Amino acid sequence: MQSISTDVLIGGGQSPRTAAALLAVVEAQIMAGTLAAGDRLPPVRAAAADLDLAPNTVAAAYRQLSERGLVTGEGRRGTFVADRGPAEPRVTAPIGSGLVNLADGNPDHG
């Protein structure tokens with residue numbers, strides 16, 4: 001088990017700007033084996049500061065990773081890559097033209 005630096009969350013590319021982008025980067029790192037079971041993700045506030053994101057954005061990404069079974073939150077101990085495989089992805093209806101998705105708490109206007 002190791003603590004992961006925020007650099008790993010960037011994935012060698014551009015820093016994620018949304019919760020969905022951060023979720024995609026961390027999920028890809030887990031699936032590629034860069035992040036292994038038991039690895040500790042950076043604390044929400046540290047990741048937010050390093051990535052220049054709002055803490056709520058990082059927290060939303062971590063929450064979605066947890067809902068998908070990719071990470072487990074252990075309170076003050078931190079957030080860790082889960083030992084088991086991911087849960088089935090949640091199926092959502094497509095968002096219509098001119099509408100903003102507010103379901104995850106991070107509307108993407110881009």
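On a predicted model such as this, the values are computed, not experimentally measured, just so you know. Residue numbers run from 1 in the order of the sequence given.
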Original post:
Shortest non-hydrogen contact from Asp83 to Ala37?
Top reply: OD1-CB, 3.3 Å

Subject >> For Leu22 against Leu51, the heavy-atom pair lying closest together >> reply: CD1-CD1, 4.1 Å

Original post:
Which heavy atom of Arg40 sits nearest a heavy atom of Arg77, and at what distance?
Top reply: NE-O, 2.9 Å

Original post:
Side chains of Tyr62 and Pro42: does their closest heavy-atom pair fall under 4.5 Å?
Top reply: yes

Subject >> Value rounded to 0.5 Å, distance of CG in Leu53 from CG in Asp50 >> reply: 10.0 Å

Original post:
Which heavy-atom pair separates Ala61 from Ala19 by the least distance, and what is that distance?
Top reply: CB-O, 3.6 Å

Original post:
Would you say Arg17's side chain and Asp52's backbone share a donor-acceptor pair under 3.5 angstrom?
Top reply: yes

**OP:** Output the distance between atom CG (Leu41) and atom CG (Leu35), rounded to the nearest 0.5 Å.
**Re:** 6.5 Å

Subject >> Spacing of CD belonging to Glu74 relative to OG1 belonging to Thr79, to within rounding of 0.5 Å >> reply: 8.5 Å

**OP:** Any chance you could lay out the side-chain contact (heavy atoms from CB on, under 4.5 Å) test for Val58 and Arg45, step after step, and finish with the verdict?
**Re:** CA-CA 8 Å; Val58 176; Arg45 289 183 183 182; over 6 Å; no

Original post:
Where do Leu23 and Gln64 come nearest, in terms of heavy atoms and distance?
Top reply: CD1-CB, 3.3 Å

**OP:** For Leu65 and Val26, work out which heavy atoms get closest and say how close.
**Re:** CD1-CG1, 3.6 Å

